[in-house]
Amino acid sequence: MNHPFFRNSIFLLLAIAAAAGVARCAPMPTVPLGPPQTVQTINPKMGVHTRLTDEVEPWKIKYTLQLVREMGAPWVVEYFPWAYAEPLPGIFDWRHSDTVIEHAHRQGLTVIARLGFVPPWARPADSATSYLSPERYGDFGDYVYAFAKRYRGKVDYLIIWNEPNLALEWGFQPIDPVGYTDLLRVAYRRAKQANPDVRVLGGALAPTLAPPGDEFGMNDTDYLQAMLDAGAGDAMDGLAAHAYGWVYPPEDPPAPGVVNFRRVELLHQILVANGYGDMPIHITEAGWNDHPRWTRAVKPGQRIEYTIRAYQLAQQWDWLGSVSMWAFRYPRPAQTYQDYFTFITPDFTPKPIYDAVKAYAHGEK
Amino acid sequence: MTRTRWLVILGAAVLLAIAARLALVRWQGQSGLAEIRRRGTLRIGLDASFPPFESLDADGAVVGLDADIARAIATDLGVRAEFVNIGFDGLYDALKIGRVDAVISGLPIDPLRTRDVAYSTPYFNAGQMLITTRPDVQSVADVAGKTVAVEWGSMAELAARKLKESVPDVTISPQPDAETALNADLAVVDGVLRLNRPQARTVAVLDDNWYAVAVNIENSTLLAEINRTLDAIKNSQSPCGLAVPPSEFSHSPNVESCYAR
């Protein structure tokens with residue numbers, strides 16, 4: 001059975017079956033896109049990370065994006081898993097991503113698309129979904145190409161991978177900024193082939209103080225320097241970074257030994273020092289949590305104030321493209337501290353932070 | 001062989017498979033408890049950072065309402081309670097891989113986890129509640145024309161907004177912190193915070209958020225024993241500690257005075 005004929009035949013049969021399956025799948029129920037909208041805001045850098053990846057109902061997708069627009073945030077970050085879009089090599093299912101992107105576009109939102117999540121066919125059995133061997137970088141590049149081509153004119157920003165400086169997000173392999181740069185280079189080339197106007201963001205780096213040699217993570221500042229040493233500066237149009245505030249106010253000054261909102265300034269300084277001072281940074285996850293028991297949480301009122309002040313601070317940074325807070329809404333309660341990052345509840349009830357941010361974005365505060 | 005004979009054989013095979021499956025389920029349900037008794041310990045997963053439910057005292061011992069419940073269950077099983085301190089987000093995973101036998105950790109019931117997890121009868125309601133020290137507030141309708149304090153931005157504020165939909169003539173007064181709201185004469189707070197104001201009365205529970213003990217879905221015999229102990233605690237007449245008296249475990253002045261901070 002190891003003969004290439006058998007392998008190829010089996011693969012062909014699977015591909016045909018999958019193609020037939022995708023073709024036979026009922027189309028997602030649709031809801032009217034509605035008229036084109038624009039975002040009204042006093043702060044054009046405001047954004048949120050939506051969590052529509054596992055939201056299956058189109059009306060909820062539309063309503064989520066409508067509420068984002070009404071809040072006054074022109075940017076959304078959303079995750080488009082490779083495994084969902086390409087369940088078998090070359091067999092694409094764009095139904096869900098079409099729904100998200102069409103509605104976001106119609107709401108006047110700028111989408112930053114995060115690409116990752118390796119399908120089973122592109123990794124060894126029992127490996128993590130963040131595991132991708134260098135031999136498969138080309139397959140990921142093909143997905144980036146297909147995605148960039150399909151959404152040309154509607155998605156102008158791509159994040160290649162997520163938090164590659166954490167072992168969890170790098171397939172539990174040794175953390176490897178050079179290897180990630182190789183992946184970024186492949187993705188960049190393929191994205192530009194599909195859409196020369198698309199902007200490729202490297203990262204998004206997780207803020208961490210991991211000591212050298214730590215098996216779970218690499219300090220984000222060290223990682224960025226290693227990326228640039230490996231040539232990443234020529235394989236990205238911008239840097240994506242995460243900037244959680246934990247218990248510190250947004251104005252808390254940056255320092256190498258502190259994880260806070262302004263830590264992203266250290267990343268900017270590294271870009272400047274390496275001759276990439278004009279390269280924009282997009283904060284694609286940020287925010288504060290107000291869970292009553294989590295040790296990294298703040299009070300709900302503090303969360304509201306810190307979030308608005310962070311948006312204001314971001315507006316002053318000319319090197320920053322956007323700041324998107326984690327996370328706008330979960331499709332269902334996580335029943336953990338994660339629920340206390342959100343702006344609206346799963347049943348679409350706006351939390352007080354939503355109303356406060358909306359008032360700020362419309363110049364009412 | 002005739003077609004009828006094949007059908008008989010097929011039917012017998014199906015029945016045998018069903019019987020085997022039922023036997024397996026029954027064995028699995030009992031084996032967890034048997035293993036606990038053989039081991040002599042009931043391993044309890046909790047995140048000891050949530051007083052008054054579970055926290056560490058000066059000697060590093062786990063104390064609190066959940067710790068007391070866990071010890072009561074272990075005592076009834078004839079074993080010793082062994083606490084495994086785990087971050088809250090890792091509790092279900094610990095249960096799934098068998099690192100712990102049960103999770104007792106101020107754990108809200110999550111209906112979407114019931115494929116893997118079985119919950120005990122709920123024992124504490126941490127939902128949002130309308131509380132008061134005012135004698136003229138006996139029902140939700142009585143808040144009309146009055147001011148209700150909430151912590152600004154909290155889920156209590158959200159609950160108060162919903163309350164206002166049914167009683168429009170109520171003023172919501174956001175406070176900078178939970179303690180200030182709690183000390184008002186009329187407030188919406190969650191059930192955990194409410195423990196700190198035993199002198200206040202609960203007028204109404206505005207939304208439920210029940211805590212329960214979680215076990216592996218296959219551990220049905222252990223779950224039955226846990227429920228037996230919880231029932232005994234609820235029906236007990238002693239005021240504090242292992243044997244708390246409430247008919248409703250939560251909302252009992254006796255229980256609340258035992259665990260008020």
Side-chain angles (χ1 to χ4, degrees), chain A residues 51 54-56 67 126 128 168 216 245 247 249 287-310 325 329-360 365, chain B residues 46-55 87-93 103 105-114 117 119 126 128 150-162 165 172 174-182 189-196 207 209-212 214:
Chain A
R51 260 291 300 269
D54 36 9
E55 177 53 79
V56 296
L67 288 174
D126 299 327
L168 170 73
F216 299 111
V247 296
W288 285 262
N289 184 289
D290 59 10
H291 189 275
R293 70 188 285 183
W294 194 39
T295 53
R296 287 176 169 174
V298 296
K299 291 177 180 174
Q302 287 178 311
R303 181 180 167 226
I304 292 172
E305 291 180 334
Y306 289 1
T307 301
I308 292 173
R309 278 154 49 189
M325 299 293 173
R329 169 187 173 263
Y330 292 152
R332 71 172 185 89
Q335 298 283 13
T336 71
Y337 73 96
Q338 289 280 355
D339 290 326
Y340 291 78
F341 272 119
T342 60
F343 285 60
I344 62 174
T345 64
D347 69 359
F348 292 100
T349 303
K351 293 183 177 179
I353 190 171
Y354 176 90
D355 295 328
V357 170
K358 183 178 180 180
Y360 156 69
K365 181 181 178 182
Chain B
L46 47 72
D47 179 350
S49 65
F50 191 41
F53 287 82
E54 47 269 319
S55 58
F88 193 76
D89 279 1
L91 290 170
Y92 280 114
D93 287 340
V103 172
S105 190
L107 190 72
I109 294 173
D110 184 351
L112 296 178
R113 289 191 183 270
T114 50
V117 167
Y119 292 100
Q128 304 298 329
V150 295
E151 182 184 15
W152 177 40
S154 67
M155 298 306 284
E157 183 175 354
L158 213 57
R161 290 181 182 188
K162 287 185 178 168
E165 290 173 9
I172 299 171
Q175 301 297 317
D177 54 57
E179 289 69 28
T180 308
L182 182 68
V189 297
D190 69 38
V192 178
L193 191 65
R194 191 253 178 282
L195 289 172
N196 293 349
D207 65 35
N209 182 24
W210 284 100
Y211 293 168

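Naming: A, B, ... by sequence-line order, numbering from 1 per chain.
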**OP:** Can you tell me which residue pairs pass the salt bridge (charged side-chain N to carboxylate O under 4.0 Å, His left out) test with a partner in residues 350-359 of chain A, sequence neighbours excluded?
**Re:** A:Asp355-B:Arg161
Subject >> Rounded distance [0.5 Å steps], CD in B:Glu54 versus CZ in B:Phe88 >> reply: 8.5 Å
Subject >> Under the side chain to side chain donor-acceptor pair (under 3.5 Å) test, residues paired with B:Gln175 that sit two or more places apart >> reply: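 So B:Gln175 forms a side chain to side chain donor-acceptor pair (under 3.5 Å) with B:Ser173.
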**OP:** Tell me the residues of residues 339-349 of chain A whose non-hydrogen atoms fall below 4.5 Å from those of chain B, in number order.
**Re:**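 At a heavy-atom separation under 4.5 Å, chain B is reached by A:Tyr340, A:Thr345, A:Asp347, A:Thr349.
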Subject >> Region of B:Leu107 in contact with chain A, defined by heavy-atom distances below 4.5 Å >> reply: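 Neither part; nothing is under 4.5 Å.
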Residue pair [X] / [Y], side-chain heavy-atom distance below 4.5 Å:
| X | Y | result |
| --- | --- | --- |
| B:Gln128 | B:Lys162 | no |
| A:Gln302 | A:Trp288 | no |
| A:Tyr360 | A:Thr307 | no |

**OP:** Tell me, for A:Arg303 versus chain B, whether the close heavy atoms (under 4.5 Å) come from the side chain, the backbone, both or neither.
**Re:** neither
**OP:** Check salt bridge (Lys or Arg N to Asp or Glu O under 4.0 Å) between B:Asp207 and all other residues, then give those that pass, not counting sequence neighbours.
**Re:**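 Salt bridge (Lys or Arg N to Asp or Glu O under 4.0 Å) list for B:Asp207, sorted by chain: empty.
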